[in-house]
Asks: 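The following block contains the structure, expressed as structure tokens.
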Amino acid sequence: MIAGGWYSGRIADLKETDHLKPPRFLTQLEITYSDNTTLLVTTNDSWKATQSGPIRFASNYDGERYDQRFEMEGWSKPGFDDSKWSTAVTEVVTPDTLLRPKRHLPVRNIKQLTPISFEQIDKDTVIFDFGQNMVGVPTINIPVKEGKEVKLRFAEALHKGSFYTENYRSAHSTDYYLPSKSGVAKYTPTFTFHGFRYIEVSGFDHSKVPVKDWIVANVQHSDVALYNNFSSANPKLNKLFENINWGLRGNFFDIPLDCPQRDERLGWTGDANAFIAPSMYMADVYGFWSAYLKSLREEQTEDGFVPLYVPFVKWINWTSSGWGDAATILPWELYMMTGDKKILKDSYPSMKAWIDYHESQAKDNLSSMMTFGDWLQPYPEKEGKGANRGDTDFSLISTAFFARSVELTKKTALELGFNKDAKRLASKHKELAKAFRSEFFDSNLNVVKGKETQTAYLLALAFNLLPDNEVKVAQAKLVSLLEASNTHLRTGFLGTPLLANVLQEAGRTDLVYALLFKETYPSWFYSINNGATTTWERWNSYSIEDGFNPQGMNSLNHYAYGTISRWFYEGILGVKPESPGFQKAVISPQLTSQLGFAEGAIPTPSGTIDVSWTMINGGFDVSVTIPFNTTAKFVPPAHFKVEHAARHNGEKLKQWKSLPTGQYQFRVTHDVNDEGAAL
């Protein structure tokens with residue numbers, strides 16, 4: 001059975017595009033016999049087909065319509081009479097077009113959820129609550145009447161108590177089942193998927209009393225292993241980690257989607273930039289990302305242009321700084337996490353081409369490339385549609401990302417031995433940094449173009465765009481902006497991924513914890529306090545009191561702000577790769593009296609680096625395990641000192657700058673001589 005899917009279905013809110021093509025079937029079956037001979041069965045003009053099957057309509061966005069009257073018993077078994085079927089329109093597989101398997105496992109039914117409750121609205125309608133925003137399809141097992149159509153609708157949340165689908169926009173997201181006989185109908189949609197927590201079922205035999213067993217939800221996502229490798233003493237922090245995990249599940253759907261419910265569901269590059277490293281800590285997704293990066297290279301045009309989303313179909317036809325830079329950010333992040341140089345070799349021409357495109361959009365080392373800006377920054381000064389792009393100057397953003405892509409391509413050139421390229425790119429980065437510094441800041445490092453924002457300083461610090469003697473000044477200005485906002489972030493899709501690490505580098509882990517544990521808007525815990533079971537598109541997409549944000553674009557399953565989970569591993573547990581693939585690692589857990597306990601496991605190609613710490617008697621006991629073929633150095637965090645260090649067997653250590661494979665214990669205390677330091 002085939003249906004439209006991505007190939008021939010509609011994309012976004014477009015009704016008519018060149019993407020609307022008739023469905024095609026291209027297959028290649030390889031049979032290997034016990035004597036090692038093989039047979040290749042491929043599509044050709046001998047295949048037959050019919051359009052008279054029971055699935056009358058199917059769409060990723062709009063759902064499925066199933067008519068039991070059209071069922072054909074035995075159609076897929078030998079001996080079926082297909083004399084009334086027609087010659088199929090197939091694509092012929094030839095020796096030069098033999099298919100190759102993709103690099104990662106497909107979307108599958110991974111688990112099932114049962115309703116936690118239900119409410120009968122009227123005699124013909126009942127709403128089931130699964131307690132978890134998820135992605136997949138239901139299986140119904142309900143009493144039906146012949147000829148009475150069953151309808152299944154989906155929602156992420158109830159809006160002031162009512163079933164709400166406006167945030168799905170034009171996605172109809174409804175399944176229909178028409179029974180040909182009375183009795184119990186069992187049905188699972190085949191060619192669609194939905195993002196939901198609630199399912200409204202109507203059209204059942206209303207003489208029967210609804211029960212929970214009428215329906216289950218099949219959780220679907222690309223078949224990747226989730227590690228579930230972080231926990232702490234703070235229940236809301238653990239809930240946040242769980243929510244980010246569910247966001248990963250729901251949006252890793254063959255490609256990294258931006259959201260799984262409305263009329264979009266596209267592989268946005270900006271979201272990918274934010275979440276690639278966190279997801280590598282959280283799940284076995286290297287094959288998933290390398291396949292997506294291959295698609296990005298295929299979609300890149302000859303002049304280096306990278307579309308906003310991959311795979312690409314004409315909808316939004318320009319590119320954006322901070323989005324197209326996925327061409328350089330994704331391969332470098334994958335390399336640092338795995339040490340696999342092949343990803344750099346495969347991507348290096350693409351990285352250089354993207355820099356060429358950046359260059360075409362710049363004058364005097366200042367970029368005028370279009371950008372979505374610091375997307376969905378809270379409390380923007382602008383109004384209307386432009387408010388979504390935040391207050392940070394667009395040219396500042398584009399010039400900063402131009403420099404960042406140049407820096408990452410320079411590093412790649414050095415790793416691959418292209419020393420002339422590296423020298424040229426190093427010189428270019430210096431020029432860009434100089435232009436950035438003089439154009440966007442005055443002599444006192446105040447922002448002179450656009451509003452002075454947290455993101456402006458985050459970009460300058462994270463992308464190494466300031467002279468060494470001005471780094472502390474920029475850090476102080478960032479801290480001042482945070483304090484002026486009552487220690488609330490004011491960052492969107494571009495600034496948020498940089499926030500925690502920049503503050504840690506400034507020795508202000510206390511501010512990271514203050515942001516992380518904030519309960520009020522905008523914050524991660526704000527969404528949890530308002531019932532979130534995934535991460536949201538906006539910091540205030542929904543509230544229990546007011547329902548959905550009236551500004552629109554309110555996906556309740558958007559993984560970009562899940563980027564904070566990177567700091568769970570690199571900050572709270574304190575593990576960072578000092579060399580690609582963690583062959584050398586730095587371990588510097590960021591300790592705080594606000595959290596009594598934390599533990600986790602960091603996956604590396606050589607095994608896991610395990611870290612746990614507990615606050616005891618005014619200090620912290622830290623345990624570390626280093627896997628084979630790995631060395632690490634233990635660095636006490638800012639304002640702390642090591643009082644005692646030993647191997648697991650009790651052997652006292654005199655130094656901890658080059659620790660080989662083994663298990664270690666450290667006693668770390670607050671440095672009372674460090675005046676003003678916050679614990």
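None of these values were measured; they are calculated from a predicted model. The analysis underlying the following values was restricted to heavy atoms, covering all of them including side chains, and did not include hydrogens, waters or symmetry mates.
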Asks: For the atom pair OG1 (Thr190) and CD1 (Ile55), what is the distance rounded to the nearest 0.5 Å?
Replies: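 The OG1 atom of Thr190 sits 4.0 Å away from the CD1 atom of Ile55.
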Asks: Over 60° means perpendicular and under 30° means parallel, so tell me whether Trp354 and Tyr357 are parallel, tilted or perpendicular.
Replies: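 Plane angle under 30°, so parallel.
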Asks: List the residues meeting side chain to side chain donor-acceptor pair (under 3.5 Å) with Gln583, not counting sequence neighbours, and say none if there are none.
Replies: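 None.
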Asks: For Thr174, enumerate each residue passing the side chain to side chain contact (heavy atoms under 4.5 Å, CB included) test, keeping only those at least two apart in sequence or located in another chain.
Replies: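 So Thr174 forms a side chain to side chain contact (heavy atoms under 4.5 Å, CB included) with Lys151, Arg153, His172, Tyr176.
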Asks: Would you call Glu407 and Lys410 a salt bridge, using N to O less than 4.0 angstrom?
Replies: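 Lys410 and Glu407: not salt-bridged.
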Asks: Can you name the side chain to side chain donor-acceptor pair (under 3.5 Å) partners of Thr328, sequence neighbours left out?
Replies: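 With sequence neighbours excluded, Thr328 shows a side chain to side chain donor-acceptor pair (under 3.5 Å) to Ser405, given in chain and number order.
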Asks: Sort out for me which residue in Asn251, Thr535, Thr533 forms a side chain to side chain donor-acceptor pair (under 3.5 Å) with Asn557.
Replies: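 Between Asn557 and the candidates, side chain to side chain donor-acceptor pair (under 3.5 Å) is satisfied uniquely by Asn251.
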Asks: With sequence neighbours excluded, what pairs up with Phe372 under the ring pair (Phe, Tyr, Trp, His ring centres under 6.0 Å) test?
Replies: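 Once residues adjacent in sequence are excluded, the partners of Phe372 under the ring pair (Phe, Tyr, Trp, His ring centres under 6.0 Å) criterion are Trp268, Trp318, Trp323, Trp375.
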Asks: Are any side-chain N or O atoms of Asn167 and backbone N or O atoms of Asn554, one a donor and one an acceptor, separated by less than 3.5 Å?
Replies: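 Present.
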Asks: Going by the rule side chain to side chain donor-acceptor pair (under 3.5 Å), which residues pair with Asn273 if we only count those two or more places apart in sequence or in a different chain?
Replies: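 Asn273 satisfies side chain to side chain donor-acceptor pair (under 3.5 Å) with no other residue.
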Asks: I'd like to check the ring pair (Phe, Tyr, Trp, His ring centres under 6.0 Å) partners of Phe463; sequence neighbours left out, ordered by chain and number.
Replies: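 Ring pair (Phe, Tyr, Trp, His ring centres under 6.0 Å) check on Phe463 returns Phe401.
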Asks: Can you label the angle between the Tyr66 ring and the Tyr187 ring as parallel, tilted or perpendicular, going by 30° and 60°?
Replies: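 It falls in the tilted class, 30° to 60°.
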Asks: Looking at residues at least two apart in the chain, or sitting in another chain, which of them share a ring pair (Phe, Tyr, Trp, His ring centres under 6.0 Å) with Phe25?
Replies: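 Ring pair (Phe, Tyr, Trp, His ring centres under 6.0 Å) check on Phe25 returns Trp47.
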Asks: My understanding is that only residues two or more places apart in sequence, or in another chain, count here; which of them pass side chain to side chain donor-acceptor pair (under 3.5 Å) with Thr534?
Replies: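 Applying side chain to side chain donor-acceptor pair (under 3.5 Å) to Thr534 gives Asn133.
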Asks: Using the test ring pair (Phe, Tyr, Trp, His ring centres under 6.0 Å), find all partners of Phe582 that sit at least two apart in sequence or belong to another chain.
Replies: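 If we apply the ring pair (Phe, Tyr, Trp, His ring centres under 6.0 Å) test to Phe582, skipping adjacent residues, there are no hits.
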Asks: Quick one, Asp421 with Tyr348, criterion side-chain contact (heavy atoms from CB on, under 4.5 Å). Give me CA distance, side-chain angles, the key distance, then yes/no.
Replies: CA-CA 11 Å; Asp421 282 358; Tyr348 187 60; 2.6 Å; yes
Asks: Rounded to the nearest 0.5 Å, how far does NE2 of His221 lie from CE of Met134?
Replies: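 So the gap between those two atoms works out to 9.5 Å.
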Asks: side-chain contact (heavy atoms from CB on, under 4.5 Å) between Thr631 and Ile626: does it pass, once the steps are laid out?
Replies: CA-CA 7 Å; Thr631 58; Ile626 300 167; over 6 Å; no
Asks: I'd like to check the side chain to side chain contact (heavy atoms under 4.5 Å, CB included) partners of Thr139; sequence neighbours left out, ordered by chain and number.
Replies: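 For Thr139 the side chain to side chain contact (heavy atoms under 4.5 Å, CB included) partners, ignoring immediate neighbours, are Lys186, Thr188, Val216, Asn218.
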Asks: Please confirm whether Arg249 makes a cation-pi placement over Trp246, using NZ or CZ under 6.0 Å from the six-membered ring centre and within 45° of the ring normal.
Replies: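 The answer is yes, since Arg249 meets both limits relative to Trp246.
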Asks: With sequence neighbours excluded, tell me which residues meet side chain to side chain contact (heavy atoms under 4.5 Å, CB included) with Thr37.
Replies: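 So Thr37 forms a side chain to side chain contact (heavy atoms under 4.5 Å, CB included) with Tyr33, Asp35.
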Asks: What distance separates Asp271 CG from Thr563 OG1, expressed to the nearest 0.5 Å?
Replies: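 Reported value, rounded in 0.5 Å steps: 10.5 Å.
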Asks: Does the side chain of Asp254 reach to within under 4.5 Å of the side chain of His104, using non-hydrogen atoms?
Replies: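 Counting from C-beta outward, Asp254 and His104 do come under 4.5 Å.
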Asks: Could you pull out every donor-acceptor pair under 3.5 Å between side chains of residues 567-576 and any protein atom, sequence neighbours left out?
Replies:
unit_1 : atom_1 : unit_2 : atom_2 : d
Trp567 : NE1    : Gln504 : OE1    : 2.7
Tyr569 : OH     : Asn229 : OD1    : 2.6
Glu570 : OE1    : Arg566 : NE     : 3.3
Glu570 : OE2    : Tyr281 : OH     : 2.7
Glu570 : OE2    : Arg566 : NE     : 3.1
Lys576 : NZ     : Asn501 : OD1    : 2.5

Asks: Working to the nearest 0.5 angstrom, can you tell me the gap between Met351 CE and Thr409 OG1?
Replies: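 Spacing of CE (Met351) from OG1 (Thr409) equals 4.0 Å.
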Asks: Is the shortest side-chain N to carboxylate O distance from Glu415 to Lys411 below 4.0 Å?
Replies: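 Here Glu415 does not pair with Lys411 in a salt bridge, since their nearest N and O are not under 4.0 Å apart.
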